[in-house]
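Working notes for the structure below.
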Amino acid sequence: SKSIASKPLPKDASNVDRVRYRLCEKFVIYKNSQKISQREFAEKIGINEALMSKILHYHFEEFTIDRLLRYLSEIYPDIDLKVDRAS
């Protein structure tokens, strides 16, 4: 499987994209803290590894906020989405 590069968040990103980016970041932090492979992480959440790779590299175009939250709740059952004004 070819490695995909992580995408930076554009300066002019929409609010929805900012939230999706931050949600993807939570997956990256979790994976690093748990020291698990991408495949193990995908299995834990119940998705395929290709999707997991997209999330971990911030290729979130095909994911809704709702879908990312649903995946996150598999690892953080009590996750809460806090909405703040951008500073």
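All values reported here derive from a predicted model rather than from experimental measurement.
- Side-chain contact between Ile55 and Ile47 is present, with at least one heavy-atom pair separated by less than 4.5 Å.
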Inset, instruction - Go through the steps to decide whether Met52 and Lys44 satisfy the test side-chain contact (heavy atoms from CB on, under 4.5 Å), and finish with yes or no. - result: CA-CA 11 Å; Met52 191 78 250; Lys44 189 173 178 67; over 6 Å; no

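- Of all heavy-atom pairs between Leu56 and Ser6, the closest is O-OG, 4.2 Å.
- Glu74 has its side chain out of reach of Phe41: every pair of non-hydrogen atoms, C-beta onward, lies at least 4.5 Å apart.
- Looking at heavy atoms from C-beta onward, Arg20 lies out of side-chain contact with Glu25 at the 4.5 angstrom threshold.
- Scored by the side chain to side chain contact (heavy atoms under 4.5 Å, CB included) test, Lys26 finds Leu72 as partners (sequence neighbours excluded).
- With rounding to the nearest 0.5 angstrom, the CD1 atom of Ile65 is 13.5 Å from the CZ atom of Arg67.
- Ionic pairing of Glu62 and Lys54 is present here: one or more N-O contacts between side-chain nitrogen and carboxylate oxygen are shorter than 4.0 angstrom.
- Considering only heavy atoms from C-beta on, Ile45 comes within 4.5 Å of Phe27 through its side chain.
- Classification of Asp84 and Lys82 as a salt-bridged pair holds, one side-chain N sitting under 4.0 Å from a carboxylate O.
- A heavy-atom distance below 4.5 Å is found between the side chains of Leu51 and Asn48.
- Of the possible polar contacts, none joining the Ser73 side chain to the Tyr76 backbone as a donor-acceptor pair under 3.5 Å is found.
- Distance alone, capped at 3.5 Å, is enough to place a donor-acceptor pair between the His59 side chain and the Ala5 backbone.
- The nearest pair of heavy atoms linking Tyr21 to Pro8 is CE1-C, 4.1 Å.
- By the side chain to side chain contact (heavy atoms under 4.5 Å, CB included) test, Arg39 pairs with Ser37, Glu43, Glu49, sequence neighbours left out.
- Considering only heavy atoms from C-beta on, Val28 comes within 4.5 Å of Tyr58 through its side chain.
- Not a single salt bridge (Lys or Arg N to Asp or Glu O under 4.0 Å) links Lys31 to another residue, sequence neighbours left out.
- One distance of note links CG of Leu23 with CZ of Arg18; it measures 14.0 Å at 0.5 Å rounding.
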